[in-house]
Amino acid sequence: MKPPAFDYIAADNLEGALSALSAAGGDGKVLAGGQSLMPMLNFRLARPSVLIDINRVPGLAYVEATGSTVKVGALTRHHALEMSPVIKTHLPVVAAAMQHVAHLAIRNRGTIGGSLSHADPAAELPMLTLLLDARIGIHSPRGRRITDAGDFFVTSLVTSLEEDEIVTDIEFPKPARESGWAFEEVARRAGDFALAAVGVTIDARDRKCEQARIGLMGVGETPVRAHEAEALLRGQRLSDTLLDEAVASIRSAIEPNTDLHASSDYRRHLAGVLAKKAIRDAWRRADGDRQ
Amino acid sequence: MTEVVTKQSAEEAALDERQTRPKNIGAKVKRTEDPRLLTGRGTYVDDRRTPDALHVAFRRSDHSHARILSIDVTAARAVPGVVAILTAKDLTEATPVHAESRMPSYYATPIRALASDKVRFVGEPVVAVVAESRYLAEDACELVEIAYDPLPVVTDPEAAVASDAALLHEEAGTNVLVQREFKRGEFETEMFAAPVRVKGRFRFHRKTPAAMENRCYLAEYDTGRDELTLHSSTQVPGIIRNALSEALGMPGHRLRVVAPDVGGGFGGKASLYPEELLVAFAARRLGRSVKWTSDRMEDLTATSHGFDEIIDAEMGLDHDGRVMALIADVIGDVGAYSIYPWTCALEPVQVVSFLPGPYRIQNYRGAVRAVATSKAPTGPYRGVGRPISTFVTERLLDMAARRIGVDAREIRLKNFIQDHEFPYRIGSGIVWDRSSFTDCLLAACKAVDYEALRRRQAEARSAGRWLGIGIASYAELTGIGSRISVAPGMPLNTGTETAKIRIDTTGGVTAAFGVASHGQGLETTLAQVVADKLGVRVEDVRIIQGDSNAVPNATGTYASRSTVLAGGAATLAARIVRGKAFKAAAHLLEASPDELVAEDGRIYVPNTNKTTTYKEVARAVYLEMGRLPPEVRGELEATSTYDPVLGTTTSSTHIAVLEVDPDTYTVRLEKFVVAEDCGKLINPLIVDGQVHGGVAQGIGAALYEEVVYDQQGQILTASLVDYVVPAAAEIPPMHVVHMETSSPAIGGYRGMGEGGTIGAPAAVANAIADALAPLDIEINELPVTPERLFRLIEAAKSRTGDEK
């Protein structure tokens, strides 16, 4: 289990990384935390001719709050995100989800940009960007572009990134005021990829749901938003009937895969019970606890 | 002084007590190997730096069952850095090794370093590329071209039994490599007469030991002397030496097998492997040192698997819950080869040997077939057979208890063999000596506060929660001696252990054994025994083990044998060495040897100022010729070999407390209690650690771990993402209670390294069935993954129409 030979370039700045990646002509891979890439190299599932190491590129690791957003640099380690007071204050659902991301040793190395670029449909970060309507900043020799998370994830392990592009930053809209949130996940073991997980945020006003966001992972080829269920909740008071309707909508909207660890049916079942709990908890935080 | 000792007299044991002041046996001595192992200063095989060693990569079969048509290595040979490429054709002078047995109808499959003619499982080594680095060897491996003619796969052990099934080994004429049957009493009439009968088809799915350290072999070859040393991450250095001697045609005095620090084995390193043969053969052929380190994918696909059985079993009971008869038919899916030296019979035969368990079940029939399939060979795995037999018997007892309406604790108490009945021969012929069958159950129930727990369960149930309590009791045969090991007629019989204890000119004590610790802390345990029996401190004793040169027959560590056998041998040898030292000391002190006492390295006459030390005695014996007469200047050394003949009975009860989440169907273990009787404890810390680790592996077997092959015989669990081993977060707090019924073995010890894995799967299965009793669900298949629970619960709900 040793990788085939490859060239290695340690880029000193973003321009250098971009030009090396461009020069590789589609045969280069960006090395950040290496937590997915190195196993793929060792299994010889990925055989790039050149690795472009961006760990020395300055200015890509940060978590900062601006007026209306929280910006996260792509080279930010998972553990930094997990511990960030900015995240705890403004995006508590992210802080809660981070505890389910693998193990500490992996969180210490793995990066946010790497997780998004790898696009595992059962990973937390891609789902969180989708859940929170994040915008993903991307650089290439042609300049900078920004894409919505919803347009970024194409299918399992495939994104809309061009072969000469690097993810550089993620911008989460800051909730206008405190919203309710919840994150629920079931995995075979602590730290494993999710069999299914659900993230929810709810904004409430006058005891009614003003806006609900429901994101799911592990239940399809990409993370998904349960738009129909969100629409059902909008403008309503939460009731058991409404909750059951939302759950039914979620279950019928997803098409989970069957693999070694769980069948499609079990994942659909999980998506439902986890969504039910998450919606209820998010609602309680948005409404009940503060009333 | 070389005869094998089978027991010690009461006078000899009394002599030890009179002449020493033991301080270590029974004490929580911290493991002396831990500072080294925990600070990264251990030396595993892969840590050994041998200049100019060559590295091996194997091209392995990607077919389950296929004929090898041709192998083209031209392109691979052209890769720079490649030194040699070996196929079966290059190994014609290597003799295949056979795990022979006298068992009737047994076929010993030839074990070769590389597949010749046919491949029989995905992952079987076919071509070995030897190169200057592992990277280059793997590059070249990719360029080897092998043409196969696929043959029908043999993945279903039940289908493989059919007379028209494709044969894995044509020479055998069948895929059934061995079959056996144990019968006792009127099992048929009693079963027919039984008013309560419970039965089921039980499935224990295949596991793999998954030791932390992958297997690693480094053969160092001395071309001038034609001497070969194999550094091997093995549990059985002497057994590997024997096999290499046969395969390479080299005598043992020019062959040495060393197992340095070894990072876990669990049985997976207790057998001979093709890679071991290849590395040794290649070193001699090339006149260079040759090394292979398994990667995790190779470990999961080509280290011996275990626990792969289908059991159809029925238990008949009277109205009070007393077992009248037990009948079982077992199919063991043993994989492609019969592993050396244990044979493929090891596990399946143990299943039927131990099904009657610690219970008075005199009417018994257990039949077993070991069936070859095109999967990795099975071999010993911690618990060997008994996790499966315990699962079946304990499940049947709980099923019966539920049917009759008697408590799970009561039905066991009714059926245990009672203290006055020992020694007791069970239906399969195994003889139990006295052990705390009943007391372990009572102690475990007390530790868990069983009555309060049942009350809590009733409350939880009425609140819609699925809380379960699972009991599993078992007995195992440990520390086996010559009479048991001779029974299966294997190529070598274990059953003895040798201690060679020596005091050098500085007073240092070196004790050499044939055992091979691979994590059990034997360096500490055995030092405690030697220290107490000599009357020195633990730090004065150095333990040599894991080396085929340590003693003439260094079989190794397996089958919960090392403490019983090596502890006994150490006691015998230490007594002789102490006697020699006392004779010399008596001269120096002008006292009688009978007056002397040894303590902490001092030898003295109590209540006098006559005192000397082992150090001074050694100096007088070896270096100061004027002080002692010649007849007491003999070397302070002794070698003793101990044979416990039958072995010891170890018993235990495990209780698992858990909850099944009624929404997600995930299992949360709340508490795990073990009451065990391993006789006299040498080191309670180490015993606790062994129980904890074994229970963790048993929980893995119950809830997480499963080797999966698809219908084409491709292995789907070739990484630790897919082969799910529990980690610390999955293991509940454990409480261990020790019963110390002395055993007939020297020192009163009983073996205990495996037991955790034996009880835990059954306890967890019973607890889940108990939790789900309101839904009338039985657990007959392990592991109980969330997916399996989902299907069981959904089926039960649709049965009862209780739609959620």
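Lettering of chains follows the sequences in order, A, B, ..., and the numbering in each one begins at 1.
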At a 4.5 Å cut-off on heavy atoms, which part of [X] comes close to chain B: side chain, backbone, both, or neither?
X: A/F193; result: neither
X: A/R267; result: neither
X: A/D265; result: both
X: A/P39; result: neither

With chain A as the partner, which of [options] has the greatest number of non-hydrogen pairs under 4.5 Å?
options: B/T293, B/T717, B/T664; result: B/T664
options: B/E706, B/E142, B/R788, B/R134; result: B/E142
options: B/T666, B/D722, B/L136; result: B/D722

Heavy-atom distances under 4.5 Å only: say whether [X] touches chain A with side chain, backbone, both or neither.
X: B/E138; answer: both
X: B/L789; answer: neither
X: B/V724; answer: both

Could you verify whether a donor N or O on one side chain and an acceptor N or O on the other, from B/N214 and B/S294, lie under 3.5 Å apart?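 Distance-only check fails for B/N214 and B/S294.
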
Does either side chain, that of B/D156 or that of B/Q711, offer a donor lying less than 3.5 Å from an acceptor on the other one?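 Looking only at side-chain atoms, B/Q711 and B/D156 do not form any donor-acceptor pair under 3.5 Å.
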
Choice from A/H103, A/R44, A/H261, A/K277 maximising heavy atom contacts with chain B below 4.5 Å: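 The option with the most such pairs is A/R44.
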
Is B/K291 salt-bridged to B/D46, going by a charged N under 4.0 Å from an acidic O?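 Here B/K291 pairs with B/D46 in a salt bridge, since their nearest N and O are under 4.0 Å apart.
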
Would you please test A/V101 and A/E82 for side-chain contact (heavy atoms from CB on, under 4.5 Å) and show each step? CA-CA 9 Å; A/V101 179; A/E82 180 186 357; over 6 Å; no

Should A/H78 and A/I112 count as side-chain neighbours, where that means a heavy-atom distance under 4.5 Å?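 Yes, at least one pair of side-chain atoms sits under 4.5 Å.
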
Checking B/R206 against B/Y709: charged group under 6.0 Å from the ring centre and within 45 degrees of the axis?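 The answer is no; the distance or angle limit is not met.
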
Once you round to the nearest 0.5 Å, how far does OG of A/S115 lie from CD of A/Q35?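 Between A/S115 OG and A/Q35 CD, I get 11.0 Å after rounding to 0.5 Å.
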
Apply ring pair (Phe, Tyr, Trp, His ring centres under 6.0 Å) to B/Y217 and list each qualifying residue two or more places apart in sequence or on a separate chain.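 With neighbours one apart ignored, the set is B/W292.
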
